[in-house]
Amino acid sequence: MADSAFKKIQIQRDDTTFDAYVVGKDDAPGIVVIQEWWGVDFEIKNHAVKISKLDTGFKALIPDLYRGKVGLDTAEAQHLMDGLDWQGAVKDIRASVNWLKANGSKKVGVTGMCMGGALAIASSVLVPEVDTVVGFYGTPSSELADPAQAKAPVQAHFGELDNFVGFSDVTAAKSLEEKLKASGVAHEVHIYEGNGHAFLNRSPEGVSRRKSMGLSDEDEAAVELAWSRFTSWMKRYLA
């Protein structure tokens, strides 16, 4: 995927400015797409381009939460995620939502994968301007956000074989579902049989990286089902 699809912008919040990457029609509903622990790399850009072309189209915006840093292996990615100011990341997301609303998108959703999935679900609690959230294989720590306090509709997706205990395994998914029930918001939690963590990552580079992490499931049907559920959910709440 050529980077030429993206317009690079700067977004101001408090006393800091960060880069963000935008793709899609100017007046389309907006979706903030939050990076995995790797950073703003090829895979999250692939996802944003895909989202911009789904159905009638969305305007996708990726905020650079790591300020230009990208992890090239799991140790680096872990280090970057461990160093993330999560509260600050939520502020970046809020500023991104508000940028979209000020620039042609009447309604704005948030989505993310892995670390970004956790932040997406946190934003349903902490970012009042968000209209809906779809999170993939990630749940926020209780220090960051309690999904029982969610205020925007949430759809969440998990792999049955995901072994990131307490973050995106089946137990974490079930716990999220209980908390969303308590919140009273519209919600769906989907668990995909036979799939591991990061099952949406289907680019050649993404597949080889997953294999190097011992994640070898290849389930195109699950990927298509997840994207179709994502699309109908976002249309319902952003159209």
Side-chain angles (χ1 to χ4, degrees), residues 1-14 16-72 76-77 80-81 83-86 88-123 127 129-138 198 200-206 209 227 230-231 234 238:
M1 210 300 299
D3 276 352
S4 60
F6 289 91
K7 186 170 73 173
K8 186 177 177 184
I9 59 164
Q10 272 79 41
I11 296 178
Q12 178 86 28
R13 69 133 172 111
D14 306 333
T16 178
T17 304
F18 59 92
D19 290 338
Y21 300 86
V22 185
V23 61
K25 290 202 305 258
D26 272 352
D27 57 350
I31 298 180
V32 178
V33 184
I34 312 169
Q35 68 197 51
E36 297 178 285
W37 65 344
W38 307 107
V40 179
D41 70 346
F42 60 89
E43 200 70 276
I44 205 67
K45 287 183 171 175
N46 289 342
H47 291 326
V49 169
K50 182 180 182 77
I51 287 166
S52 75
K53 295 174 176 170
L54 290 170
D55 201 73
T56 51
F58 297 99
K59 184 174 178 180
L61 182 155
I62 310 170
D64 188 350
L65 305 184
Y66 286 168
R67 305 295 190 263
K69 295 193 177 78
V70 175
L72 298 178
E76 279 181 20
L80 286 165
M81 184 168 87
L84 181 69
D85 165 11
W86 290 75
V90 170
K91 288 180 180 173
D92 288 355
I93 294 162
R94 185 174 188 182
S96 300
V97 169
N98 287 328
W99 186 92
L100 283 166
K101 289 203 166 182
N103 287 275
S105 297
K106 289 182 187 64
K107 292 191 172 180
V108 177
V110 175
T111 192
M113 293 81 185
C114 168
M115 178 183 98
L119 283 162
I121 287 162
S123 63
V127 180
E129 298 85 353
V130 165
D131 293 296
T132 192
V133 161
V134 180
F136 292 92
Y137 30 79
L200 281 193
N201 292 351
R202 303 304 307 141
S203 71
E205 306 96 321
R209 182 161 68 186
W227 279 119
F230 171 94
T231 307
M234 286 297 192
L238 301 184

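Only a predicted model underlies this, so the values are computations on that prediction, with no experimental measurement involved.
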Open item on the list: With side-chain contact (heavy atoms from CB on, under 4.5 Å) as the criterion, how do Met115 and Trp86 come out once you've worked through the C-alpha distance, each side chain's angles and the decisive distance to 0.1 Å?
Closed with: CA-CA 10 Å; Met115 178 183 98; Trp86 290 75; 3.6 Å; yes
Residue pair [X] / [Y]: nearest heavy atoms and the distance that separates them:
X: Val133; Y: Ser123; result: CG2-OG, 3.9 Å
X: Met234; Y: Thr111; result: CE-CB, 4.1 Å
X: Ile11; Y: Ala95; result: CG2-CB, 3.8 Å
X: Ser203; Y: Asn46; result: CB-ND2, 3.4 Å
X: Gly57; Y: Pro29; result: O-CD, 3.9 Å
X: Leu61; Y: Pro63; result: O-CD, 3.5 Å

Donor-acceptor check, side chain of [X] to backbone of [Y], threshold 3.5 angstrom: yes or no?
X: Asp64; Y: Tyr66; result: yes
X: Ser105; Y: Ala28; result: yes
X: Lys59; Y: Lys25; result: no

[X] side, atom [atom1]; [Y] side, atom [atom2] - distance, nearest 0.5 Å:
X: Asp19; Y: Lys8; atom1: CG; atom2: NZ; result: 4.0 Å
X: Lys50; Y: Phe58; atom1: NZ; atom2: CZ; result: 12.5 Å
X: Arg209; Y: Glu43; atom1: CZ; atom2: CD; result: 6.5 Å
X: Leu54; Y: Thr231; atom1: CG; atom2: OG1; result: 4.0 Å
X: Gln12; Y: Phe18; atom1: CD; atom2: CZ; result: 9.5 Å
X: Lys7; Y: Tyr21; atom1: NZ; atom2: OH; result: 14.0 Å

Open item on the list: Could you work out, with salt bridge (Lys or Arg N to Asp or Glu O under 4.0 Å) as the rule, every residue matching Asp14, not counting sequence neighbours?
Closed with: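 Only Lys91 meet the salt bridge (Lys or Arg N to Asp or Glu O under 4.0 Å) criterion with Asp14.
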Under 3.5 Å donor-acceptor pairs involving side-chain atoms of residues 31-40, not counting sequence neighbours:
from  : atom 1 : to     : atom 2 : distance (Å)
Gln35 : OE1    : Leu65  : N      : 3.1
Glu36 : OE1    : Asn201 : ND2    : 3.2
Glu36 : OE2    : Asn201 : ND2    : 3.1

Task: Pairs satisfying salt bridge (charged side-chain N to carboxylate O under 4.0 Å, His left out), at least one member in residues 92-121, at least two apart - done: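 Counting only pairs at least two positions apart or across chains, the salt bridge (charged side-chain N to carboxylate O under 4.0 Å, His left out) contacts touching residues 92-121 are Arg13-Asp92, Arg67-Asp92, Arg94-Glu129, Lys101-Asp131.
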Task: Any Leu119 side-chain heavy atom under 4.5 Å of Val90 side chain - done: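 They are in side-chain contact.
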Task: Parallel, tilted or perpendicular: ring planes of Trp227 versus Phe136, cut at 30 and 60 degrees - done: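 Rings of Trp227 and Phe136: tilted, 30 to 60°.
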